[in-house]
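The structure appears right after this line, and notes come after that.
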Number of protein chains: 2
Amino acid sequence: MSNLELPVLDQDDAAACCSPMVREPLGEEAAVDLARMFKALSDPVRLRLLSLIASHEGGEACVCDLTGPFDVSQPTISHHLKVLREAGLVDSERRGTWVYYWVLPTALARLSSLLQAPAAAR
Amino acid sequence: MSNLELPVLDQDDAAACCSPMVREPLGEEAAVDLARMFKALSDPVRLRLLSLIASHEGGEACVCDLTGPFDVSQPTISHHLKVLREAGLVDSERRGTWVYYWVLPTALARLSSLLQAPAAAR
DNA sequence: CGACTGTATCGACAGCCGTCGAATCAAGGA
DNA sequence: TCCTTGATTCGACGGCTGTCGATACAGTCG
């Protein structure tokens with residue numbers, strides 16, 4: 001079958017959390033909350049950072065692995081990582097000299113299920 | 001033919017278009033393009049507008065249906081609709097006196113599949 | 001035509017955001 | 001202890017963004 005045994009989060013579980021926004025109008029506070037997360041994704045550098053972290057071996061990456069691929073300064077990278085962390089999309093931990101970042105899959109799944117387009121609707 | 005060709009789209013097709021960003025690092029231009037769409041979603045008013053349009057009966061809504069639920073002025077709503085349209089998330093058409101907006105499901109599906117998270121195995 | 005309603009554009013303004021270099025903090029090694 | 005490397009914080013600056021009121025445009029109806 002076409003399904004790789006790659007561990008992809010069960011889409012139904014994710015949908016159980018937040019049904020697609022195309023189904024019913026978003027509440028006011030929910031919109032504020034979600035907009036905060038989308039804003040964290042609204043910068044090319046942050047999108048690539050998130051992608052780099054998630055696809056890094058072990059699912060986590062040291063900051064030192066993240067500064068290389070970009071044309072911006074290291075403080076700027078640090079700033080973007082902070083934005084992603086405060087949006088609840090990643091978390092980090094210091095281990096000795098280095099600081100490691102990893103993606104919080106639940107947050108991504110929440111946004112993903114929210115954006116699910118109307119299937120064979122109506 | 002039934003011009004009511006509802007853009008029904010298969011979730012698998014959408015996934016075939018853009019594999020999750022947690023699988024492999026995002027390219028630079030792809031990140032710029034995607035960030036533009038996420039930026040359009042990074043405002044609470046626009047999120048609610050999108051949700052209102054998509055969940056409206058018939059899958060489309062007149063601007064006159066959209067100004068009521070918000071505390072902002074009509075020009076501001078018009079501005080947000082323009083942002084959504086230029087991001088490729090909605091399209092619009094004038095019919096007589098009124099202008100109707102509808103969601104482009106392919107765009108939402110693209111973002112949704114991009115954000116599909118890996119299982120929270122760790 | 002002229003008045004009226006619905007929608008978009010314009011110009012302005014305040015606040016936010018991405019970026020930088022400099023300074024600071026944290027940990028490890030001589 | 002001092003020096004070095006990794007990472008964050010600070011302060012500043014230019015540009016972008018959300019909002020408004022005023023104005024302009026598009027149709028419809030008398």
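Below, chain A is the first sequence line, B the second, and so on; all start at residue 1.
- Protein atom CG of B:L66 is 14 Å distant from nucleotide atom P of C:dG6, rounded to whole Å.
- Computed from coordinates, the B:I77 CD1 to D:dT19 P distance equals 8 Å when rounded to whole Å.
- One can place CG of A:D43 at 14 Å from P of D:dC16, the figure rounded to the nearest angstrom.
- Taking atom CZ on A:F70 and atom C1' on C:dC20, their separation rounds to 17 Å, with Å as the unit.
- Of the listed nucleotides (C:dC20, C:dA8, C:dT7), C:dC20 has the atom at the smallest distance from the side chain of A:S73.
- When the nucleotides C:dC17, D:dG6, D:dG27 are ranked by their closest atom to the side chain of A:W98, D:dG6 comes out on top.
- Here the shortest heavy-atom pairing between B:L41 and B:L47 reads O-CG, 3.3 Å.
- Between the side chain of A:R46 and the backbone N or O of A:K39 there is at least one donor-acceptor pair closer than 3.5 Å.
- Between A:T76 and C:dC20 there is a side-chain polar atom (N or O) within less than 4.0 angstrom of OP1 or OP2.
- At the heavy-atom level, B:Y101 lies under 4.0 Å from the strands shown only through sugar-phosphate atoms.
- For C:dG18, one of the phosphate oxygens OP1 or OP2 lies less than 4.0 angstrom from a side-chain nitrogen or oxygen of A:R46.
- To the nearest angstrom, C1' of C:dG6 lies 16 Å from CD of B:E93.
- Between B:K39 and C:dC17, a side-chain N or O to OP1/OP2 separation shorter than 4.0 Å is absent.
- Partners of A:T67 under the side chain to side chain donor-acceptor pair (under 3.5 Å) rule, at least two apart in sequence or in another chain, do not exist in this structure.
- Of the residues in residues 78-91 of chain B, those placing a heavy atom less than 4.0 Å from an atom of DNA chain D are B:H79, B:H80, in numerical order.
- Atoms CD (A:Q74) and C1' (D:dT8) sit 8 Å apart, rounded to a whole Å.
- Within the 3.5 Å criterion, the main-chain N or O of A:S42 finds no donor-acceptor partner in the side chain of B:S42.
- Figure legend: cation-pi geometry between B:R95 and B:Y100, with NZ or CZ positioned under 6.0 Å from the six-membered ring centre and within 45° of its axis.
- In terms of heavy-atom proximity, A:I53 sits nearest to A:W102 at CG2-CA, 3.6 Å.
- Taking atom CZ of B:R95 as the reference point, atom P of C:dG6 lies 17 Å away to the nearest angstrom.
- Rounded to whole angstrom, the span from the OH atom of A:Y100 across to the P atom of D:dG6 amounts to 12 Å.
- For the pair B:T97 and C:dG6, the criterion of a side-chain N or O lying under 4.0 Å from OP1 or OP2 is not met.
- Side chain of A:R94 to main chain of A:G96: a donor-acceptor pair is present (N/O by atom type, distance under 3.5 Å, no hydrogens or angles).
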